[in-house]
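These notes are about the structure you will find just below.
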Amino acid sequence: MTFEKVCKLADIPDEGVIPVEVDGTPVAVVRTSEGVFALHDVCSHAEVRLSEGDVYDGTLECWLHGSCFDVATGKPTGPPATRPVPTYPVKIDGDDVYVSLSKES
């Protein structure tokens, strides 16, 4: 599995999200009290950037229609989305955050 450095841990707000690209693929890097997660940065319902939404209670909410996705699994937790978004493996090395495009789900 190949990991690519995407940002510094300090770049991600607590309970927040930032957009990055890995080999041209849009990725939302999310930080919660449970850790750092990476999801495909396109809502499965409306094809807009999830990284423009809000993070709370382990979910990432799409700003357009309010679909919520579990940051660990990518599964929708609230309508109108019914399809999950892919998640990607994350590793932290010191203050560096790495993401692999090998899909976890």
Side-chain angles (χ1 to χ4, degrees):
M1 190 176 309
T2 303
F3 284 86
E4 182 176 316
K5 181 180 170 185
V6 295
C7 65
K8 295 281 190 188
L9 190 57
D11 295 337
I12 314 165
D14 291 338
E15 298 297 318
V17 57
I18 63 168
V20 300
E21 279 200 10
V22 178
D23 292 332
T25 299
V27 176
V29 179
V30 180
R31 186 176 185 180
T32 72
S33 60
E34 300 298 315
V36 177
F37 305 89
L39 300 90
H40 190 66
D41 193 12
V42 179
C43 180
S44 62
H45 170 256
E47 306 248 342
V48 296
R49 290 276 182 143
L50 288 173
S51 59
E52 295 177 16
D54 295 318
V55 176
Y56 61 91
D57 295 332
T59 64
L60 178 54
E61 180 180 25
C62 179
W63 63 271
L64 187 59
H65 295 121
S67 294
C68 292
F69 298 90
D70 183 292
V71 297
T73 66
K75 293 179 181 173
T77 62
T82 58
R83 291 180 293 123
V85 294
T87 59
Y88 306 109
V90 173
K91 79 175 180 179
I92 310 291
D93 185 9
D95 190 40
D96 295 327
V97 178
Y98 295 82
V99 172
S100 174
L101 286 185
S102 297
K103 294 179 183 171
E104 288 187 334
S105 62

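On a predicted model such as this, the values are computed, not experimentally measured, just so you know.
In this structure, CG on L60 lies 9.0 Å from SG on C43, to the nearest 0.5 angstrom. Atom CG in L101 sits 5.0 Å away from atom OG1 in T25 (nearest 0.5 Å). Atom SG of C62 and atom CD of E52 lie 9.0 Å apart (nearest 0.5 Å).
In this structure the side chain of F3 reaches within 4.5 angstrom of the side chain of S100, judged on heavy atoms. Side chains of P84 and T73 form no contact here, defined as non-hydrogen atoms less than 4.5 Å apart. Considering only heavy atoms from C-beta on, V29 comes within 4.5 Å of V36 through its side chain. Looking only at side-chain heavy atoms (C-beta outward), V71 and L39 come within less than 4.5 Å of each other.
One hydrophobic cluster, built from ILVMFWY side chains closer than 4.5 Å, holds both M1 and Y98.
Scanning all heavy atoms of the two residues, the minimum distance from S67 to A81 falls at OG-N, 3.0 Å. Closest approach of V17 to A28, counting heavy atoms only: CG2-CB, 3.8 Å. Smallest separation of non-hydrogen atoms from V22 and E4: CG1-OE1, 3.8 Å. In terms of heavy atoms, T87 sits closest to G74 at CG2-N, 3.4 Å.
Applying the salt bridge (Lys or Arg N to Asp or Glu O under 4.0 Å) definition to pairs two or more places apart or across chains, none involves residues 63-89. Identified under the ring pair (Phe, Tyr, Trp, His ring centres under 6.0 Å) test for residues 7-58, with sequence neighbours left out: H45-H65.
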Side chain to side chain contact (heavy atoms under 4.5 Å, CB included) between V85 and V42, intermediate numbers included: CA-CA 8 Å; V85 294; V42 179; over 6 Å; no
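Every residue meeting the side-chain hydrogen bond (donor to acceptor under 3.5 Å, both in side chains) condition with S51, not counting sequence neighbours, appears here in chain and number order: D41. For E21, the side-chain hydrogen bond (donor to acceptor under 3.5 Å, both in side chains) test picks out no residue, with sequence neighbours left out.
W63 belongs to a hydrophobic cluster whose other members, connected by ILVMFWY side-chain contacts under 4.5 Å either directly or through intermediates, are V48, L64.
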Anything under 3.5 Å between a donor and an acceptor, one on a side chain of residues 8-15, the other on a protein residue two or more places apart or in another chain? List them.
from	atom 1	to	atom 2	distance (Å)
K8	NZ	D96	OD1	2.8
D11	OD2	K8	N	2.9
E15	OE2	S33	N	2.8

